[in-house]
There are 2 protein chains.
Amino acid sequence: MKSILVVEDEQRISAFISKGLTAAGFRPQIAADGITGRDLALTGDFDLVVLDIGLPGLDGFSVLKQLRAQRPELPVLVLTARDNPDDTIYALESGAVDYMIKPFRFAELLARVRLRLKESPQEQEVTELVRDEVRIDLLKRQAWVGGSLVELSARELSLAEILLRNCGNVLSREQLLSHVWGFDFDPGSNVVDVYIGYLRKKLGTDFVTTVRGFGYRVD
Amino acid sequence: MKSILVVEDEQRISAFISKGLTAAGFRPQIAADGITGRDLALTGDFDLVVLDIGLPGLDGFSVLKQLRAQRPELPVLVLTARDNPDDTIYALESGAVDYMIKPFRFAELLARVRLRLKESPQEQEVTELVRDEVRIDLLKRQAWVGGSLVELSARELSLAEILLRNCGNVLSREQLLSHVWGFDFDPGSNVVDVYIGYLRKKLGTDFVTTVRGFGYRVD
DNA sequence: GGCCCATCTAAGAAGACTCTCATCGGCCGC
DNA sequence: GCGGCCGATGAGAGTCTTCTTAGATGGGCC
């Protein structure tokens, strides 16, 4: 199992990332400021670092530079709140392997983490998720139910994917909302319910189970 | 450079695949029937096989089985004209690593070929294409022009991607049409022109050069 | 049973996307 | 210069996607 260091001061965001990474099968650890982050990263216990640029204590750029200097092989994925291309370009030039601009959808962060941690050709990438009669092709963006083809929209696919990847576990509306819609999406909305309805209509009523008071689950 | 064997009897389709693979930096070779295909595949000169199921002479399934038996490590990507889930499931069970249903967009075939040939962690995947002021992020599905963010639709992104990946080469309307829209798309349409116009509006007039009588090129 | 609350669903508005059609403009050969 | 052809572009139709709203449904507790 891969260890990931999350250097992020906003508790809301670090918790969000941490939970998501855990659900995806990674072992995350949080550092709330630059100095702690740098020191932890340099221990060598981590396979990847998710680094916020806007940090208290020690600026993210400085952390990035020190990591580059001392552990050039450690992949760093930079988060920046400022929608400023100069920042991101500077980050990439300083050695970040990738970057994301807040607010981001968790699914995208996960895709990037997976991409950067991929290493052995043995562990073939998952391009299909199967559960009983339902088969979802992530590359084709299509689903098969029994023998017939079903087209899924981008949102529907994204929602189905996270449910299937966490097969057996209940996912709360908030989790689904932040994973699929982004962590700053209006929490009062009932989009999740509506899209669960769409999935049921397309993939069969019993594709998702409602767990009253908690959320949804695919068994 | 990777060698790819294309076993396909329809000349129109094999030529289409072959050209596209060449443009993408692969070395393709065509076999027009099952027996030739099987014999070539067994020489061991190829890194991947694209195999049509509906073949004259020797059925695609038989070819697949023989390849599995004698070269289990050789990745085979199956093409099937029949929109029949049984066929594809059977193909996968027989050991195909992946499948595509005709008609397909070439871009998708390419994505699958790349995925299956990927092997060393060294050659990091391309997630960004850059050319002068224009930067395109394939994962984010966004573009940056100078310092500002531009949203691209799925079609626009796909078109921009193939143009950028073939930087310096002229691509004909037919090539673009088959790559982005699929090889059976109405050849009389001027969608390509229209979408080139959209790209110019979003990415700058001089992003693409028109080569009168031939097609378009990104320098 | 009756009530409350969580969940489901139908309907629809707004907007994005894709493509066609028709017209306009300019390049090229004569 | 002129005509014809190739490409550019504007308008718009049809469809799909996404999200909100509001009312219907139904579970669980009293």
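Letters A, B, ... are given to chains in the order of the sequence lines, protein chains preceding strands, and every chain is numbered from 1. Predicted model, so just to flag it, every value in this text is computed and none were measured.
- The pair R217(B)-D219(B) meets the salt-bridge criterion, since a charged nitrogen lies less than 4.0 angstrom from a carboxylate oxygen.
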All N/O donor-acceptor pairs, side-chain side in residues 13-25 of chain A, below 3.5 Å, sequence neighbours left out:
from, atom 1, to, atom 2, distance (Å)
S14(A), OG, E10(A), O, 3.4
S14(A), OG, Q11(A), O, 3.1
T22(A), OG1, S18(A), O, 2.8

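- No donor-acceptor distance shorter than 3.5 angstrom exists from the side chain of S158(B) to the backbone of R155(B), with no hydrogens or angles considered.
- The side-chain contact (heavy atoms from CB on, under 4.5 Å) search around R27(B) returns M1(B), S3(B), not counting sequence neighbours.
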Next item on the list: Mark up nucleotides 7-18 of chain D, 5' to 3', with B wherever a protein heavy atom is under 4.0 angstrom from a base atom, S wherever such an atom reaches only the sugar-phosphate, and - elsewhere.
Entry: SSBS------SB

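- Sorted by first then second residue, the salt bridge (charged side-chain N to carboxylate O under 4.0 Å, His left out) pairs that include residues 194-214 of chain B, not counting sequence neighbours, are E156(B)-K202(B).
- Contacts between chain B and DNA chain C, taken as any atom within less than 4.0 angstrom of a protein heavy atom, begin and end at dC17(C) to dC27(C).
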Show me the donor-acceptor pairs, under 3.5 Å and distance only, between side chains in residues 189-199 of chain B and residues at least two apart or in other chains.
from, atom 1, to, atom 2, distance (Å)
S189(B), OG, V191(B), N, 3.0
D193(B), OD1, R173(B), NH1, 2.8
D193(B), OD2, R173(B), NH1, 2.9

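- To the nearest 0.5 angstrom, L203(A) atom CG is 5.5 Å from L152(A) atom CG.
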